[in-house]
Structures are given as C-alpha cells and as structure tokens.
Protein chains: 2
Amino acid sequence: MLETFRALADPSRLQIVALLLCEPLSVGTIAERLRIRQPQASKHLRTLSDAGLVEVHPDAQRRIYALRAQSFRDLDSWLERYRRGFEQQFERLDHVLEDLQVNAKNIKEQTNPALGRG
Amino acid sequence: MLETFRALADPSRLQIVALLLCEPLSVGTIAERLRIRQPQASKHLRTLSDAGLVEVHPDAQRRIYALRAQSFRDLDSWLERYRRGFEQQFERLDHVLEDLQVNAKNIKEQTNPALGRG
DNA sequence: ATTGAATATTCCTTGACAAGAATATTCTCA
DNA sequence: TGAGAATATTCTTGTCAAGGAATATTCAAT
C-alpha cells in the first residue's frame, strides 16, 4: 500500500491515472495531454509501473500503458478494512445508546417499582 | 485526493491510521506504540489532520485523535470511478466477443446458407 | 545496415520533507 | 499562581525525489 500511495502522491501521476481511466495510451500521447516532456512522462510511468498501478503493452516502437485492475482491487480491499472499522464504531455507539436506555429504564423502575410490570 | 495520498505516502502515518482504526488514541500513546518521539507523532498527526484524515477531541491536556470517516468515504468515491471504469472495460470486451461470435455465425451461414434456418 | 520515430535512462540541480533537538504552548491541579 | 504533564512548534540538517537537458536504447522500414 505504501508504494501505491507514494505513486499516487504526485499531481502528474494522478493525472496520468485519470487519463488511463478512459483508455490505454502511449507515452507520447500522455506527455502531450499533460503538457509535460516525454522523459518526465516515461519516468512517472516507470514509478506507476513499479508500484503495479499500470502495465505496458508494446506496439511496434510504441508502448501502450494501461491501468492494472488488480492494484485498484488491492486498494479497495485496504479501504474495506476502514469501511468495516467505521461500521463497528457505529455498532459500538448503538450499544452504548441501548445501554443508556436500559439503564434509564432500570433507574425508573428502581425509583418506582410499579413501572416494572406495566 | 492529492493531499490524501500525500498524507498516506509515509510509513509512520500509514501506521498511525492503522492504529486509529482500532480506537482513538492520544498523541503520547501513538508515539509509544510506534516507538517514535512525541514531536514526530505530533507532526505526522498535523499532516494527517491537514489532509482531513483525522480529527482531534481535546480531553484535559490530552488530545485524542480519531479517524475522520468522511475522508475515507471521499477516497472510496474516488476509487468508485475506477471500479466503474474497469466494469466498462469488461463490458466492451464482452461486446467484442459477442460480435466475434455473430461474425463467426454469419460467415458460417454465408459459406453454407442451409444453416440459416435450422 | 542505416535512418528516423518512440521511448528509456543518466546526470545534475534544486526543492520538499522527515528526523532530531530544543523550546514554546496549553491545560490541570494543588 | 506555580508546577508539572501533555502536546505543539521552531530550527537545523540530511535525504530523497522531481524536473531539465542530454543521451542511450529499441524498433520498423527502406
């Protein structure tokens, strides 16, 4: 995950990923769309590739880069732990509220036992 | 998103977020668990806070840090676009395969018209 | 084989940021 | 109000990574 976040923690690379969301593209096209120089595009793609976020499919002297679905699934399952974490926090909160209601009821009954068998 | 990724692109901060997944913690406890010095913990928490990933709840002279659910929801909706993107890629692939089958059938029928009305 | 197109790599400089040390701030309690 | 605990900030230093320029590599076509 660390490598993934490091790879995405750059504006150019975030733009590249957004571009590739639409369609696989060659290095030259990416450089053109982002208005950066070709070597920078290559370097960013190298970083993204090392992090497993993109894969390359050579086509003659071109190299077509595409998003790698697995890495996004990995990111999703990382995030899943947090989704569950928040759910559990809400559950705990619910229990606390339940307990508060039960306690309030008990206190009422202790104060006025007639309420116990309404 | 860029700020979020930048905040998560550090091993200590990634650990802090993982810690807070279990329960909100004070600065001192976080520093202790991560075996880093208190000022570093404060600085990392500052970064996470600036990125909106955590929120603070003062308790006497302690400051209890907790994950901020909204930022993870934002991350989730960012990721959602990519989930959809891959779905569409598969759909396109399915259509291509369908077309291939249709074409194969047509070619068969053109080669042997008797197959057209089985 | 040679040329040209597309891409990758290297070297260099510079800016950003993390860690460490010291200090400042904030809050509680006696 | 003074002391101490918990946390935040500042300053410095060292490291890493991005951008630019130049060059190397790879591949197709003639």
Side-chain angles (χ1 to χ4, degrees), chain A residues 1-68 71 75, chain B residues 1-68 71 75:
Chain A
M1 271 312 103
L2 185 59
E3 280 307 303
T4 300
F5 289 131
R6 291 175 69 87
L8 294 173
D10 176 277
S12 296
R13 288 195 292 267
L14 213 47
Q15 283 187 271
I16 290 178
V17 171
L19 267 186
L20 296 183
L21 176 57
C22 303
E23 54 178 343
L25 293 173
S26 72
V27 178
T29 306
I30 293 172
E32 197 177 324
R33 300 265 179 95
L34 263 59
R35 297 162 186 258
I36 62 180
R37 306 186 187 283
Q38 174 267 320
Q40 322 300 339
S42 278
K43 281 188 275 192
H44 284 310
L45 287 164
R46 166 80 176 194
T47 302
L48 289 170
S49 178
D50 286 347
L53 282 161
V54 303
E55 58 194 7
V56 58
H57 301 282
D59 169 44
Q61 67 271 72
R62 291 215 172 88
R63 312 197 82 208
I64 307 299
Y65 282 87
L67 294 185
R68 204 171 137 271
S71 65
L75 184 53
Chain B
M1 271 313 103
L2 186 58
E3 280 306 304
T4 299
F5 289 131
R6 291 175 71 85
L8 294 174
D10 176 276
S12 296
R13 289 195 291 269
L14 212 48
Q15 282 187 270
I16 290 178
V17 170
L19 267 185
L20 297 182
L21 176 57
C22 304
E23 53 179 345
L25 293 173
S26 71
V27 179
T29 305
I30 293 172
E32 197 176 325
R33 300 264 178 96
L34 264 59
R35 297 161 186 259
I36 62 179
R37 309 185 185 283
Q38 174 267 319
Q40 321 301 338
S42 277
K43 281 187 278 191
H44 283 309
L45 287 164
R46 166 80 176 195
T47 302
L48 289 171
S49 177
D50 287 347
L53 282 162
V54 302
E55 58 194 7
V56 59
H57 301 283
D59 168 45
Q61 66 272 72
R62 291 216 172 85
R63 311 198 82 205
I64 307 299
Y65 282 87
L67 294 185
R68 204 170 139 271
S71 65
L75 185 52

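All figures in this text were calculated on a predicted structure; none of them were measured in a lab.
- For B:Arg62 and D:dG4, the CZ to P distance is 18 Å, given to the nearest whole Å.
- One atom, CD1 of A:Ile30, and another, C1' of C:dT7, lie 12 Å apart when rounded to the nearest Å.
- Side chains of A:Leu20 and A:Leu53 form no contact here, defined as non-hydrogen atoms less than 4.5 Å apart.
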Query raised in the report: Can you check side chain to side chain contact (heavy atoms under 4.5 Å, CB included) on A:Gln15 and A:Leu19, steps first, answer last?
Result: CA-CA 6 Å; A:Gln15 283 187 271; A:Leu19 267 186; 5.8 Å; no
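- Among the nucleotides D:dA28, D:dA8, C:dT7, the one closest to the side chain of B:Val27 is D:dA8.
- Distance from the side chain of A:Arg63 is smallest to C:dT7 among C:dT7, D:dA8, D:dA6.
- B:Arg33 pairs with exactly one of B:Ile36, B:Thr29, B:Ile30 by the side chain to side chain contact (heavy atoms under 4.5 Å, CB included) rule, that one being B:Thr29.
- With hydrogens and angles ignored, the 3.5 Å screen pairs a side-chain donor or acceptor of A:Arg68 with a backbone N or O of A:Gly52.
- Rounded to an integer number of Å, the gap from A:Asp59 CG to C:dA6 P is 12 Å.
- As a whole-Å value, the separation of A:Arg46 CZ from D:dA18 P is 13 Å.
- Contact annotation: A:Ser26 side-chain N/O to C:dT7 OP1/OP2 distance is under 4.0 Å.
- Under 4.0 angstrom from either OP1 or OP2 of D:dA6 there lies no side-chain N or O belonging to B:Tyr65.
- Computed from coordinates, the A:Leu8 CG to D:dA18 C1' distance equals 16 Å when rounded to whole Å.
- Spacing between atom CG of B:Leu45 and atom P of D:dT9 amounts to 11 Å, rounded to whole angstrom units.
- When distances run from any side-chain atom of B:Gln61 to the nucleotides D:dA8, D:dG4, C:dT7, the shortest one goes to D:dG4.
- For the pair B:Gln38 CD and C:dA21 P, the computed distance is 13 Å after rounding to whole Å.
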Can you tabulate the close N/O pairs, meaning under 3.5 Å, that link protein atoms to atoms of nucleotides 10-20 of chain C?
{"unit_1": "C:dT10", "atom_1": "O4", "unit_2": "A:Lys43", "atom_2": "NZ", "d": "3.4"}
{"unit_1": "C:dC17", "atom_1": "OP1", "unit_2": "B:Arg6", "atom_2": "NH2", "d": "2.4"}
{"unit_1": "C:dA18", "atom_1": "OP1", "unit_2": "B:Arg13", "atom_2": "NH1", "d": "3.3"}
{"unit_1": "C:dA18", "atom_1": "OP1", "unit_2": "B:Arg13", "atom_2": "NH2", "d": "2.8"}
{"unit_1": "C:dA19", "atom_1": "OP2", "unit_2": "B:His44", "atom_2": "NE2", "d": "2.7"}
{"unit_1": "C:dG20", "atom_1": "N7", "unit_2": "B:Gln40", "atom_2": "NE2", "d": "3.0"}
{"unit_1": "C:dG20", "atom_1": "O6", "unit_2": "B:Lys43", "atom_2": "NZ", "d": "2.8"}

Query raised in the report: Would B:Leu75 and B:Phe5 count as a side chain to side chain contact (heavy atoms under 4.5 Å, CB included) if you check the C-alpha gap in whole Å, the side-chain angles of each, and the deciding distance to 0.1 Å?
Result: CA-CA 9 Å; B:Leu75 185 52; B:Phe5 289 131; 3.8 Å; yes
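- When side chains are defined from C-beta on, A:Thr47 does not count as touching A:Lys43, because their heavy atoms never get closer than 4.5 Å.
- Using modelled atom types, one side-chain atom of B:Arg13 and one backbone atom of B:Ala7 make a donor-acceptor pair closer than 3.5 Å.
- When the P atom of C:dA6 is taken as reference, atom CD of A:Glu32 falls 10 Å away, rounded to whole Å.
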